[in-house]
Amino acid sequence: MIAPRTDLALMAGYHSPRVEVAVRLNVNESPLPPPPAWLQAVRTELGRLDFHRYPDRRAWALRTALGQTHQVGPEQIFAANGSNEVIQSLLLAFGGAGRTAAVFEPTYALHSHIARITGTAVATGERDESFAIDLSEVARVVSEADPALTFLCSPNNPTGRADPPEVTEAVLGLAPGLVVVDEAYGQFSWWSALSLMGGDGGPGRDRLAVVRTFSKTWSMAAARLGYLIGPAPVVAALEQVALPYHLDAVKQVAGRLALDYQAEMEARVALLVEERRRVFAALGQMEVDAWPSEANFILWRPRHRKGPEVWHDLLERSVLVRDCSSWPRLDGCLRVTVGTPGENTAFLAALAEVLQ
Ligand SMILES: *Cc1c(COP(=O)(O)O)cnc(C)c1O
């Protein structure tokens, strides 16, 4: 038997355990489903699908609809099976052997993980004490590593804060290659790096790509659909590394029709932002340290107890959160997804009990 690549063994498991619980707040899914009218529309269109034919290889209708949402043409949109596949495509097209991707920890683990899988070297910088991007650290990393790709994540998973516009602009000025802003939680934030695209064209605007997903704000984690908005030449390069017909016809329909329910999406986001405020305020009354968040989750740390023990005690009360305590610089930390009002109340009640 041939052994798999030896470097794969170093990429330790990241996945959250999937156990049966009453309150599932561990992977930042939307607690609410998409509207019934969307499901009905999908059903109707699926009835008309030619299942014996390959799907539209370029996913043109979906990309056109996404482009209209963001006021760009379809040639500036690349869609894939979740934003993780968008990230993989970016690393296949612009990374690979002899090239480097820069990340700033603590951040979304999949950026460096997928980089390594694609044979891309990873240059790691550190965020400052409050987990904000430190521009002198960015300058150090990019001058040492000359990265082909620099990843930002705004709002940042798992810490929650968005990079302010002047920081993203400064990174565009410092980084030599593509600057990829992962906006999986973009609609929860007060601003988007999309606003830096086009316009009067500051430095690096032609090297900026923004990645979004249907998994969180659009309540469609099951559909596995994500996309990138970026310069047309970047999109063309991504199409070169995509497998033929990588995007199946069902999700092309599901994603395109979802965009007809933008107002419903925004209403769900507004509810979760309100609940985020409530949960954050409640955590402030407990023996935990919590970090302000502009996403649909909150990072926090029990003051007097070990993170994994609190995680376990919550699980015994049928509440599942994410144990981040072994992640870089997150010693003792846990992350809770903002759920429905009922789920959040159940989480807070269980936590109050656990910390007593
Ligand atoms: C959840 C998440 C994603 C989503 O990945 P999909 O493959 O689209 O489900 C991407 N980036 C970040 C930072 C996330 O937290």
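Just so we're clear, the structure is a prediction, and the values are computed from it rather than from any experiment. Whatever order the structure lists them in is the order used to number ligands and atoms, beginning at 1. If you read the sequence from its start, that first residue is 1, and numbering goes on from there.
By the 30° and 60° cut-offs, the orientation of the rings of Phe131 relative to Trp291 is tilted. Ring pair His111/Tyr108 is perpendicular by interplanar angle, where above 60° counts as perpendicular and below 30° as parallel. Ring geometry for Phe214 against Tyr227 counts as tilted: the plane angle lies between 30° and 60°, on a 0 to 90° scale.
For ligand 1, the polar-atom distance check against Thr213 finds a nitrogen or oxygen pair separated by under 3.5 Å.
Remark: Arg335 is positioned above the aromatic ring of Phe297, its terminal NZ or CZ atom under 6.0 angstrom from the ring centre and at most 45 degrees off the axis.
Atoms of ligand 1 found under 4.0 Å from any heavy atom of Ala184 (numbered from 1 in listed order, with element): 2 (C), 3 (C), 10 (C), 11 (N), 12 (C), 14 (C). Here is the list of ligand 1 atoms found below 4.0 Å of a heavy atom in Ser215: 6 (P), 8 (O), 9 (O). Here is the list of ligand 1 atoms found below 4.0 Å of a heavy atom in Cys153: 13 (C).
Here Arg224 has side-chain heavy atoms under 4.0 Å from ligand 1, and that is the only part of it that gets that close. In Asn157, the part holding a heavy atom less than 4.0 Å from any atom of ligand 1 is the side chain.
Contact check on Arg329 versus Glu105 returns no salt bridge, with no Lys/Arg side-chain nitrogen under 4.0 Å from an Asp/Glu carboxylate oxygen.
The closest protein non-hydrogen atom to atom 10 (C) of ligand 1 is Ser83 OG, 3.1 Å. Protein heavy atom at the shortest distance from atom 3 (C) of ligand 1 is Lys216 NZ, 3.3 Å. Protein heavy atom in closest approach to atom 15 (O) of ligand 1: Tyr185 OH, 2.6 Å. Distance from atom 11 (N) of ligand 1 to its nearest protein heavy atom, with residue and atom name: Asp182 OD2, 2.7 Å.
Remark: the Glu183 side chain and the Ser192 side chain contain an N/O donor-acceptor pair separated by less than 3.5 Å. Side-chain N/O atoms of Ser219 and Arg268 include a donor and acceptor closer than 3.5 Å.
Gly82 counts as a contact of ligand 1, since one of its heavy atoms falls under 4.0 Å from the ligand.
For His113 and Phe151, the ring centers sit 6.0 Å or farther from each other.
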